[in-house]
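As structure tokens, the structure follows; a few thoughts come after it.
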Amino acid sequence: MKEGPGANVNNGNDMEVAAELYARIEAVTAGTEYRLLRTEQGFELTVDVHQPGRRRSGSTQLWTYDVALDPETRTFTMTDVVRTERRALDGRPLMSETVAGRKVTRISSRALDGSARYSFSSADGHRLIRAAAEESGWEELMPAAVYAARGPALLGAAIAIAMVVGIAIAFVTGSL
């Protein structure tokens, strides 16, 4: 007997369970700027991010939500993959960069005359995927990179607290 998140929820074929979630994501992204692509591990949801002033300089950015599915336990992980490419005015590639992890980014701009407005928040894609997954009975697990980042962060916090306590003790005892 399985234990843990999603235990005993898969009464059918794993492919059918994953296909149900894919269909939900496909339905909520229909008619939007998001593009959905099946992958071996699950799916990718990609959107072009418009950056003010960078279109003229030949800069493009793609934000991809890489979702890995485990249909047996109905769990998934989500990783943000940001691909940025910059080109010279003559079209030559200057730089290409790919960053993976988990982050929330907001970009907002408007035309000089105030008529057109654009905004992007990576949190919107996170919410879209989480809502569809929750409706289908899926549970999100944090990617390994998030867990790996917690160790150094907690160590840094512990050192900062120890320093503040040490300074407070030195101040109270008159050692400063």
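The aromatic rings of Tyr65 and Tyr34 are tilted relative to each other, their planes meeting at an angle between 30° and 60°.
Using a cutoff of 4.0 Å between basic side-chain nitrogens and carboxylate oxygens, Arg38 and Glu26 are not scored as salt-bridged.
When side chains are defined from C-beta on, Arg83 does not count as touching Thr46, because their heavy atoms never get closer than 4.5 Å. Contact annotation: the side chain of Phe76 approaches that of Ile129 to within less than 4.5 Å [non-hydrogen atoms, C-beta and beyond]. Considering only heavy atoms from C-beta on, Asp66 stays 4.5 Å or farther from Gln41 through its side chain. Counting only heavy atoms from C-beta outward, the side chains of Thr29 and Leu128 approach each other to under 4.5 Å. Taking 4.5 Å as the limit, every side-chain heavy atom of Asp48 sits out of range of all side-chain heavy atoms of Glu33.
Closest approach of Leu141 and Thr77 over heavy atoms only: O-CG2, 3.3 Å. Listed here is the closest heavy atom pair of Gly137 and Arg74: O-CD, 3.6 Å. The two residues Thr75 and Trp138 make their nearest non-hydrogen contact at O-CZ3, 3.3 Å. Closest non-hydrogen pair, Val17 versus Pro71, comes out as CG1-O, 4.1 Å.
Cluster membership check: Val28 shares its hydrophobic cluster with Val47, using side-chain heavy-atom separations under 4.5 Å among Ile, Leu, Val, Met, Phe, Trp and Tyr. Val81 and Leu37 end up in different hydrophobic clusters when Ile, Leu, Val, Met, Phe, Trp and Tyr side chains are linked at under 4.5 Å.
Note that the CD atom of Glu140 and the CE atom of Met78 stand 4.0 Å from one another [nearest 0.5 Å]. The structure places OG of Ser136 at 14.0 Å from OH of Tyr22, a figure rounded to the nearest 0.5 Å. Atom CZ of Arg35 and atom OG1 of Thr32 lie 10.0 Å apart (nearest 0.5 Å).
Atom CD of Glu134 has 12 or fewer neighbouring heavy atoms from other residues, nucleotides or ligands inside a 6.0 Å radius.
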